[in-house]
**Student:** 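The structure follows.
Chain letters run A, B, ... following the sequence lines, proteins first, then strands; residues in each count from 1.
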Number of protein chains: 2
Amino acid sequence: MPVEREKYSRAIEDYLKIIFELLEASGRVSTKQIAEALDVKPASVTGMLQKMSAFKPALVNYRKHHSVSLTPEGRDIALRVIRRHRLIERFLQETLGFSWDKVHEEAHRLEHVVSDEFEKRVAEVLGDPEFDPHGSPIPTRELEMPEHSQKPLSELDKRERAYIREVPDEDEGLLLYLEEVGVVPGARIEVLERSPYDGIMTLIVMGQLQNAVLGPSITRRVFVEKKR
Amino acid sequence: MPVEREKYSRAIEDYLKIIFELLEASGRVSTKQIAEALDVKPASVTGMLQKMSAFKPALVNYRKHHSVSLTPEGRDIALRVIRRHRLIERFLQETLGFSWDKVHEEAHRLEHVVSDEFEKRVAEVLGDPEFDPHGSPIPTRELEMPEHSQKPLSELDKRERAYIREVPDEDEGLLLYLEEVGVVPGARIEVLERSPYDGIMTLIVMGQLQNAVLGPSITRRVFVEKKR
DNA sequence: ACTATTTATTAGGCTCACCTAATAAATAAT
DNA sequence: ATTATTTATTAGGTGAGCCTAATAAATAGT
Ligand SMILES: [Mn+2]
Ligand SMILES: [Mn+2]
Ligand SMILES: [Mn+2]
Ligand SMILES: [Mn+2]
């Protein structure tokens, strides 16, 4: 049975979402990171963290100058928003024909206003998709995040082959470029070259005429998996 | 060419929309009416009217204790929001299978956050529909409101026949009832009886087993047209 | 025309989510 | 260890959009 849920503000939903994502990516979160990700000042983040930790039930565990983590309640909200975001991205792409570089921003706005009914129907229409257009897993109806055993493209050695699994979703220009060179989820690639100092990698992308040349700021955020 | 548009707040969009609708329905708008429609206090409406009339360009013409009207700019915003609202209602119904009593509330939230791109694609997918699920006309891309020559059901005499054109969209309970008795846009009806004092009307609805009995608070807000 | 009622406006506050500037704590460099 | 740098927190403000209570204007009733 769906729990009787309070309605939290857009701001709080975005904070919880980004905290979840930062924790998932690197295991820890700093005030500064949150501030940069949300494009607000660190002072604002401190204020919001204090507020969210004072909520009943608390949404975050906060020890000043030390750690930030999510309470079960906060995690739940984060996962709900992430589920909506990713479902909406898929929906925009499949049902409305949005290109993959445009879905993120639109979903970022819609994720805060759609009802449970909307979410349910979108999931139905799409047939409960497992991934968003950038390859990120969509939390299930029960808010379980599917495990994805993948590693950064930057860790592949020369001659190694793999499948692209997930690409960063916020940078529209990057997405346009990645699409052009065929570095999209599901693509099969082989590392043709990697320079040891600057980390630039040259990839053969199956089915593409040209090779893809990517710097480390990209390859560290593109994830691959060995098996299909 | 789409004009470079400022982004107005949700609150302002809702004020302008409701002012437009009240003006359209009865030719004039009072502070009290707006307050009731938006579920805020009259003092808040006064404040907002003053703010909107002080905008450059102004969104409303406001003379205290006297009239409120929309400037061309204000009217434009109202029509944009109304177009979105009604397109979204159709979309929710047709593409996501929402029932007609649930679409209004959802659209009321979505109308403020969807992009021009979203609006354009929804219109395309639906094939530029002319009416929302309750029979209200959808302003065109050029923001022209289609004329609809219709009159209240309450003005029909006994024996008169007509087609249902438009029903009020805010009251979910009423919508469920109207659907049950078949009083939906396009339905052909005949006035079987109307009591002169309390205004209660009994209708024969083509294709329905039972007659529909409706009080004046409803029949004044249901619109009909003679020709098909 | 005067009075009662209804409607609208002003004045003053409140909450939310942000800001800047000043200060303090943690971390890195010498 | 001391100092410099980076990061985080506090203190005090701002604007949007709402509120209540007090007052004023418009309208209706006699
Ligand atoms: Mn995204
Ligand atoms: Mn968001
Ligand atoms: Mn509606
Ligand atoms: Mn609205």
**Student:** Side-chain N or O of B:Tyr62 less than 4.0 angstrom from OP1 or OP2 on C:dT9?
**Tutor:** yes
**Student:** Please say which of A:Glu73, A:His112, A:Arg80 ends up in a side chain to side chain donor-acceptor pair (under 3.5 Å) with A:Tyr8.
**Tutor:** A:Glu73
**Student:** How many whole angstroms separate atom CD1 of A:Ile34 from atom P of D:dA8?
**Tutor:** 9 Å
**Student:** Is A:Gln50 close enough to D:dT10 that one of its side-chain N or O atoms is under 4.0 Å from OP1 or OP2 there?
**Tutor:** yes
**Student:** If I take atom CD in residue B:Glu13 and atom P in nucleotide D:dA16, what distance separates them, rounded to the nearest angstrom?
**Tutor:** 16 Å
**Student:** Would you call A:Lys17 and A:Glu111 a salt bridge, taking side-chain N to carboxylate O under 4.0 Å as the test?
**Tutor:** yes
**Student:** Check nucleotides 4-6 of chain D against the protein and report each pair of N or O atoms closer than 3.5 Å, with its distance, or say if there are none.
**Tutor:**
none

**Student:** Does C:dC16 have OP1 or OP2 under 4.0 Å away from a side-chain N or O of A:Tyr15?
**Tutor:** no
**Student:** Just how far, in rounded Å, is P of D:dG17 from CG of B:Leu49?
**Tutor:** 13 Å
**Student:** By nearest atom, which of the nucleotides D:dT9, C:dC19, D:dA16 is closest to the A:Thr46 side chain?
**Tutor:** D:dT9
**Student:** Thinking salt bridges, do B:Glu94 and B:Arg90 make one under a 4.0 Å N-O criterion?
**Tutor:** yes
**Student:** For B:His104 and B:Glu172, does a side-chain donor sit closer than 3.5 Å to a side-chain acceptor?
**Tutor:** no
**Student:** If we ignore hydrogens and angles and just use 3.5 Å, is the side chain of B:Ser26 paired with the main-chain N or O of B:Arg28 as donor and acceptor?
**Tutor:** yes
**Student:** Establish, with yes or no, whether the OP1 or OP2 oxygen of C:dC18 is under 4.0 angstrom from a side-chain nitrogen or oxygen of A:Ser44.
**Tutor:** no
**Student:** Is A:Lys64 near enough to D:dA8 that one of its side-chain N or O atoms lies under 4.0 angstrom from OP1 or OP2?
**Tutor:** no
**Student:** Evaluate the ring planes of B:Phe118 and A:Phe98, with Trp represented by its six-membered ring, and classify them as parallel (under 30°), tilted (30 to 60°) or perpendicular (over 60°).
**Tutor:** tilted
**Student:** Name the closest nucleotide to the B:Lys51 side chain, picking from C:dA8, D:dA16, C:dC19.
**Tutor:** D:dA16
**Student:** To the nearest Å, how far apart are A:Met48 CE and C:dT15 P?
**Tutor:** 16 Å
**Student:** Could you give the CG-to-C1' distance, from B:Leu38 to D:dA16, as a whole number of Å?
**Tutor:** 16 Å
**Student:** Quick one: A:Leu22 CG to D:dT7 P, roughly how many Å, whole number?
**Tutor:** 15 Å
**Student:** Grab the CZ-P distance between A:Phe55 and C:dT15 for me, whole Å please.
**Tutor:** 14 Å
**Student:** State plainly whether the residues B:Glu105 and B:Lys102 are in salt-bridge range, i.e. N to O under 4.0 Å.
**Tutor:** no
**Student:** Assuming nearest nucleotide by heavy-atom distance, tell me which of A:Ser9 and B:Thr31 is located more 5' along DNA chain C.
**Tutor:** B:Thr31
**Student:** Considering just the side-chain nitrogens and oxygens of A:Tyr8, establish if one lies under 4.0 Å of OP1 or OP2 belonging to C:dC16.
**Tutor:** no
**Student:** Applying a 4.0 Å non-hydrogen cut-off, can you work out what B:Ala11 is touching in the nucleic acid: base, sugar-phosphate, or nothing?
**Tutor:** sugar-phosphate
**Student:** Looking at B:Glu13 and B:Arg84, is there a salt bridge between them, counting it only when a charged N and a carboxylate O are closer than 4.0 Å?
**Tutor:** no
**Student:** Start at the 5' end of DNA chain C and walk down; is the nucleotide closest to A:His66 or to A:Lys41 reached first?
**Tutor:** A:Lys41
**Student:** Specify the separation, in whole Å, of atom CD of B:Glu36 and atom C1' of C:dA8.
**Tutor:** 13 Å
